[in-house]
Amino acid sequence: MATFYLTLNPASFLAVSSQKRLSSNSIQCCQDTNGQPRPRVTHEPSDNWLTSFPEKNPIISSPTVLPPRPRRIILVRHGQSEGNVDESVYTQVPDPKIKLTEKGMAQAEECGKNVRKMIEKDGVDDWKVYFYVSPYRRTLETLRCLARAFKRRRIAGWREEPRLREQDFGNFQDREKMRIEKATRVLYGRFFYRFPNGESAADVYDRITGFRETLRADIDIGRFQPPGERNPNMNLVIVSHGLTLRVFLMRWYKWTVEQFEGLNNLGNGDMIVMEKGYGGRYSLLMHHTEEELRNFGLTEEMLIDQEWQKIAKPGELNYDCLITGPSFFTHFEDEDNET
């Protein structure tokens, strides 16, 4: 096969370039390559201008219809682990490799059955589940046991998500030192206290913030939906750890540090359910009773906000929220007294 080479003579190239003339309707800037002023545009852009910049065209750039949001986001704490029974295990086995006990496996299986029964009460036949799971052994084992309650056609998929891992307590743990550290954490504050060579709950908050953004993007683009499907009966299940799940709820609902520190841990194999309300937002009160949520640690102000979440639409703000609203400020009382 013959090979052809094209050689350009710089002098001839410049000569040709210098012979070019700018048309009166060209859009140019400042000066041309010969240093001559460029002609100014005096005409209005034609309709064809929008085709070159589709983002400027309100018809072309209008957002497409978003896929339906999952019906639920179900938070599951792993079943009982060997570390929950005997803390000395942490001195010999890396935290990510601690496994479930026989009781923990049974708790996970029972949780899976409870999740399936809850979904089946919806009375629809096209429901599915999609799982996010911490990469720790005890959470992976929990997922395998939990998923036994679901047939293949019900499972849309799963993803291992490192940001859902347990709070890092610092590699192999010295039992006596850890006892002292946990006692110190109570005095210092559960959210900000950082374990030596480990994490604070505030550190977990930062990585959970990143996961939350990933989750919201997955929801917005319908990552759980097969091509062409718009199934409103998708249920997301997040299998993780007690503190990590409490921080997730704190981040999602914008709870304060004080409110976080008032929350109680979920039991092994227990779940808490964020269910889509009448307006499209997720509320804990769609599934749980007020008494259940009070036992979990929600205050009256938090429960009032959950009532609003039941009817609010995505993107709306609760301007009367007792958590983030003007009730935080005290100087308004002086204004009221002046009037």
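What you see is a predicted model; the values in this text were computed from it and never measured.
Ring centroid separation for the pair Tyr132 and Phe211 comes in under the 6.0 Å cut-off.
Thr142 places a side-chain N or O within donor-acceptor distance of the main-chain N or O of Gly79, the cut-off being under 3.5 Å. Under a 3.5 Å cut-off, the side chain of Glu261 and the backbone N or O of Phe191 do form a donor-acceptor pair. Listed for the Gln167 side chain is a donor-acceptor partner under 3.5 Å among the backbone atoms of Glu199. Asn114 contributes a side-chain N or O that, together with a main-chain N or O of Glu110, makes up a donor-acceptor pair within less than 3.5 Å. Judged by distance alone, the side chain of Lys128 and the main-chain N or O of Asn233 form no donor-acceptor pair under 3.5 Å. The backbone N or O of Asn171 lies less than 3.5 Å from no partner atom in the side chain of Asn197, so there is not a single donor-acceptor pair.
Of the N and O atoms on the side chains of Thr289 and Glu291, not one donor lies less than 3.5 Å from an acceptor on the other residue.
With respect to Glu109 and Lys113, no salt bridge is recorded, no charged nitrogen being found less than 4.0 Å from a carboxylate O. Comment: Asp168 does not engage Arg207 in a salt bridge, judged by the lack of any side-chain N to carboxylate O separation of less than 4.0 angstrom.
Side-chain contact between Leu146 and Phe131 is present, with heavy atoms from C-beta onward closer than 4.5 Å. Looking only at side-chain heavy atoms (C-beta outward), Arg69 and Met234 stay at 4.5 Å or farther from each other. Put simply, the side chain of Ser240 does not reach to within 4.5 Å of the side chain of Leu75, judged on heavy atoms.
For the atom pair OG1 of Thr299 and CD of Gln259, the computed distance is 5.0 Å after rounding to the nearest 0.5 Å.
In Lys99, the NZ atom is not crowded: 12 or fewer heavy atoms of neighbouring residues, nucleotides or ligands sit closer than 6.0 Å. Around the CD atom of Glu213, the shell of radius 6.0 Å holds more than 12 heavy atoms that belong to other residues, nucleotides or ligands. Crowding of Arg294 atom CZ: a count of heavy atoms from other residues, nucleotides or ligands under 6.0 Å exceeding 12.
With sequence neighbours left out, Asn268 forms a side chain to side chain donor-acceptor pair (under 3.5 Å) with Asn84. In terms of the ring pair (Phe, Tyr, Trp, His ring centres under 6.0 Å) criterion, residue partners of Tyr136 (sequence neighbours excluded) are, by chain and number, His241.
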